[in-house]
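Order of appearance sets the numbers: ligands from 1, and atoms from 1 within every ligand.
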Amino acid sequence: MDKNANIKRLKEIDHELVLYQNITALLGWDQETNMPERGVEGRSEQLSLVQGVLHDKITSSEIGDLLEGLGASEQQPSGDSSFSDPERGLIREYFREYNREKKLPKKLVQEIAVVTSKAQPAWAAARKSQDYSIFQPHLEKIVELTRETTKCLGYKDHPYDPLIDQYEPGMTTAEVARVFNGVKKDIVALLTKISEKDQVDDSFLYKQYDSKLQDDFGRKILTDMGFDFQRGILSESAHPFTTGVGKDDIRITTRYTEPSMSSSLFSTIHEGGHALYEMGAASPELKGTSLGTGISLAVHESQSRFWENIVARSDDFWINYYAALQELFPAQLSGVTRDTFVRGINKVEPSMIRVNADEVTYSLHIILRFELETALVNGELEVKELPEAWNEKMHDMLGIVPGTSAEGVLQDVHWSAGLIGYFPTYALGNLFSAQFFETLKQEIPEYREYISSGNLIHLQKWLNEKIYRKGGIYTAAEVLQQVTGKPLDPSHFSRYLEEKYTRIYGL
Ligand code: CO
């Protein structure tokens, strides 16, 4: 076959695989939002059937032959340079997937599936009874299999490299360590300064806030952000998430909690940021292809956090929205000035639980996990030593020590699911978002007026042009370079935090 016939065939296969992925996403969506409790067994059979089909198709000899015919190799993963950028992006993605899946023996993949399916209930039981020893043998097995995975995938510098690469393609352990070390120092210094100041009041956030009214308000903001309700829906689930189940079907969830309003509002905006990226990535050119989605977890998280933290927790944002919020909740916000409100939603306080952490301390929770994971994977740390190592790091970075393993080492589901290498993407998202924001400020000098007048659509248009519509064509590093003109620089995030919290806390 000639090159043109090869790329045409790859696109046909891609279209079919995207449909299978959509089916998987729909099954997952239903499981989280609608499915009765006892549906779980049938659902996992359905999911594993579709995933098996996907795996077989991606690792088929036809894909291998096509990639070879397209000139893809380790030196040239995007194939022959005569192809267009979207075609090269597609070749790169398939080359990557194909090689990864080929390197992992089926026996190992199956063993991981069995071990993690037993580890998850054990983790839940351990967390409930605050007894690490229930989970420890399972985690030992998971770490052992993870080490084996790194050997199969291969690496040059650090066994953690192929793990992080799985979730954030192109990222290395050394690069993550470099940028994390940079921000860690700055955040710890900022926290010390904040701790010397009077704490802000946020008690008004923890009153009875009607869910229906919260929902109305969240939808209004989503609409202003450019969320297209003809191509997406907002629903509810225990853990907020975003998923694409079709080319014009992007779904998000939030969680309404009464009392308390801010967690659901900011979850809605956070997932709204993910959805805008997905909606923009499904551009006419990329729609229905595997490139019609966000490029990486970190870039995705940079978009959700941009909208949640940089935009919606800013003073400017509430110039426009505070009066409307007060009108919806007159009793709860009576006597609370806008200034008090903005300080309240930006309260900084070292706490045990990552998912409840504020914008300043959040990244420290991630850096802690990154340091522990790398040590576990390269054998410097043993699973039985983990709780103690966790508590020591909490003490060093945040100045607090968990009283129980439930609020320490057992708090996250990730390790029980075998997700080692995933955590860094959350904090990398913060770093990306601040760096993108720096460029946005230069290119849209009137951005503050737009935010303070509710004209959020101007920000969405800029992001769409610079990031969203590129979908998966370019790598995360390339997108960052194209938009900001330089590689990842953690100083933007440190400066952003410093400036913002100097204002909030009067440092
Ligand atoms: Co997110």
- Message: Between R354 and D412, does any side-chain N to carboxylate O distance fall below 4.0 Å?
- Response: yes
- Item | Residue pairs passing the ring-ring contact (aromatic ring centres under 6.0 Å, His included) test where at least one lies in residues 342-373, sequence neighbours excluded | Y160-F370, F180-F370
- Decide, yes or no, whether a salt bridge links D248 with K287 under the criterion of side-chain N to carboxylate O below 4.0 Å. yes
- Message: Check whether W318 forms a cation-pi arrangement with R338 (NZ or CZ under 6.0 Å from the six-membered ring centre, at most 45° off the ring normal).
- Response: no
- Message: Classify the ring geometry of H274 against H270: parallel below 30°, tilted from 30° to 60°, perpendicular beyond 60°.
- Response: perpendicular
- Item | Metal environment of the Co ion (ligand 1), protein N/O/S under 2.8 Å | H270 NE2, H274 NE2, E301 OE1
- Task: Go through the steps for D186 and E498 under the test side chain to side chain contact (heavy atoms under 4.5 Å, CB included), then give the verdict.
- Result: CA-CA 9 Å; D186 295 339; E498 174 88 34; over 6 Å; no
